[in-house]
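This one's a predicted model, so the numbers in the text were calculated from it and none came from an experiment.
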Amino acid sequence: NSLLLAAAGLEPEALVVALPSHLIGCTLVLDLPYFHRAASIVLDICSILSVPAGVEFPALETLSLSCFLPDLDSFIPCCPRLRTLRLGSLFLGVLRLNSVSLQELVVDREAGLTDHISIVAPVLRQLTMSFISSNPSISVSAPMLEKVSWRCCYTDGSIVFGVWLLEEVLLRTTETLGQLPSLHIHFGA
């Protein structure tokens with residue numbers, strides 16, 4: 001916390017904090033202070049991130065989080081200029097996101113299960129998702145979406161068709177607007 005407060009006092013335009021988990025442990029709670037000039041923040045910290053009430057990030061355009069932020073959906077309105085959001089593997093199995101400014105979303109959640117995804121982003125143009133699920137509930141509202149990369153691996157026995165188990169669904173768009181060239185579905189017996 002004192003490191004983040006000291007960094008906030010410097011009023012950086014970009015902030016990158018990476019702390020290995022063996023140095024701090026995953027139960028550390030960090031309070032994210034006010035960074036009013038930061039256009040880019042990268043937090044690669046094995047910890048719980050807390051954002052105090054009233055803290056805003058008016059210049060923030062790019063945010064990359066590899067930490068646990070319990071209430072991402074409440075944090076996003078504090079970032080009115082946010083264009084790019086990258087989420088690493090430490091957030092919970094629920095992703096709720098509502099943003100009027102977000103244009104690119106990257107989720108790399110290969111560790112642990114993600115069973116509920118709800119995304120509302122009216123100007124989102126690029127969506128990259130990679131996650132594991134057992135019983136997915138997915139809703140995406142992004143009418144401006146141009147580029148999609150979607151990879152979902154299912155845990156054993158979660159989706160069954162007769163003797164077949166659904167293992168993976170992979171969906172990608174091409175560079176041509178709106179064309180879906182292929183949908184790969186992998187079954188195992």
Side-chain angles (χ1 to χ4, degrees), residues 3-4 7-19 30-111 114 116-131 138-152 170-180:
L3 175 66
L4 287 175
L10 297 173
E11 299 184 2
E13 291 182 14
L15 174 71
V16 176
V17 179
L19 295 172
L30 292 177
D31 294 321
L32 187 62
Y34 176 62
F35 287 94
H36 73 278
R37 291 186 55 209
S40 173
I41 295 178
V42 176
L43 297 176
D44 187 359
I45 306 170
C46 184
S47 66
I48 300 167
L49 190 62
S50 172
V51 181
V55 172
E56 291 194 7
F57 302 87
L60 188 62
E61 294 181 5
T62 303
L63 177 62
S64 179
L65 296 176
S66 289
C67 55
F68 173 58
L69 182 58
D71 198 2
L72 177 68
D73 199 30
S74 291
F75 175 66
I76 296 300
C78 299
C79 313
R81 296 183 64 200
L82 188 64
R83 304 287 181 263
T84 302
L85 177 62
R86 292 179 180 89
L87 298 173
S89 61
L90 294 179
F91 73 90
L92 271 182
V94 173
L95 172 61
R96 286 188 186 91
L97 178 66
N98 189 340
S99 173
V100 296
S101 63
L102 196 63
Q103 295 178 7
E104 179 182 3
L105 174 62
V106 177
V107 176
D108 184 7
R109 175 86 164 107
E110 292 292 325
T114 302
H116 182 79
I117 296 172
S118 176
I119 299 169
V120 177
V123 296
L124 188 68
R125 297 197 180 281
Q126 184 171 338
L127 175 64
T128 304
M129 299 282 298
S130 182
F131 62 99
I138 300 168
S139 172
V140 177
S141 176
M144 303 295 287
L145 204 55
E146 296 172 355
K147 190 172 183 183
V148 177
S149 176
W150 186 278
R151 179 176 181 260
C152 180
L170 177 62
L171 171 68
R172 289 200 174 116
T173 56
T174 62
E175 293 302 315
T176 306
L177 180 66
Q179 290 187 359
L180 298 177

Closest non-hydrogen atom pair, Ser66 against Gly88:
OG-CA, 3.7 Å

Taking atom OG of Ser130 and atom CG of Asp108, what is their separation to the nearest 0.5 Å?
5.5 Å

Set of salt bridge (Lys or Arg N to Asp or Glu O under 4.0 Å) partners for Arg125, sequence neighbours left out
Glu146

To the nearest 0.5 Å, how far apart are CZ in Phe131 and CD1 in Ile138?
4.0 Å

Quiz: residues 55-64 side-chain donor-acceptor pairs under 3.5 angstrom, not counting sequence neighbours:
from: Glu61; atom 1: OE2; to: Arg81; atom 2: NH2; distance (Å): 2.7

For His36, the ring-ring contact (aromatic ring centres under 6.0 Å, His included) test, sequence neighbours excluded, returns Tyr34

For Gln103, side chain to side chain contact (heavy atoms under 4.5 Å, CB included) partners two or more places apart
Arg83, Val123

Any side-chain heavy-atom pair of Ile117 and Met129 under 4.5 Å:
yes

In Å and rounded to the nearest 0.5 Å, what is the CG to CZ distance from Leu15 to Arg37?
13.0 Å

Within a strict 4.5 Å, meaning less than it, do heavy atoms of the Glu104 and Lys147 side chains meet?
no

Go through the structure and list residues passing side chain to side chain contact (heavy atoms under 4.5 Å, CB included) with Pro33, not counting sequence neighbours.
Leu4, Leu5, Ala8, Phe35

Using modelled atom types only, decide if a donor and an acceptor are shared between the side chain of Ser101 and the backbone of Leu82 within a distance under 3.5 Å.
yes

Please report the interatomic distance SG(Cys78) to CG(Leu32), rounded to the nearest 0.5 Å.
10.0 Å

Among all residues two or more places apart in sequence or in another chain, which pass the side chain to side chain contact (heavy atoms under 4.5 Å, CB included) test with Ser74?
Asp71

Shortest non-hydrogen contact from Leu124 to Gln126?
CD1-O, 3.6 Å

Between atom CG of Leu97 and atom CD1 of Ile119, what is the distance when rounded to the nearest 0.5 Å?
6.0 Å

Check whether Asn98 reaches the backbone of Asp73 with its side chain - one donor and one acceptor, N or O, closer than 3.5 Å.
no

Consider side chain to side chain contact (heavy atoms under 4.5 Å, CB included). Of Leu102, Val100, Leu85, which one does Ile76 pass it with?
Leu85

Looking at CG of Leu43 and CG of Leu30, how far apart are the two atoms once the value is rounded to the nearest 0.5 Å?
8.5 Å

Which atoms form the tightest heavy-atom contact between Ser99 and Pro122, and what is the distance?
O-CD, 3.2 Å

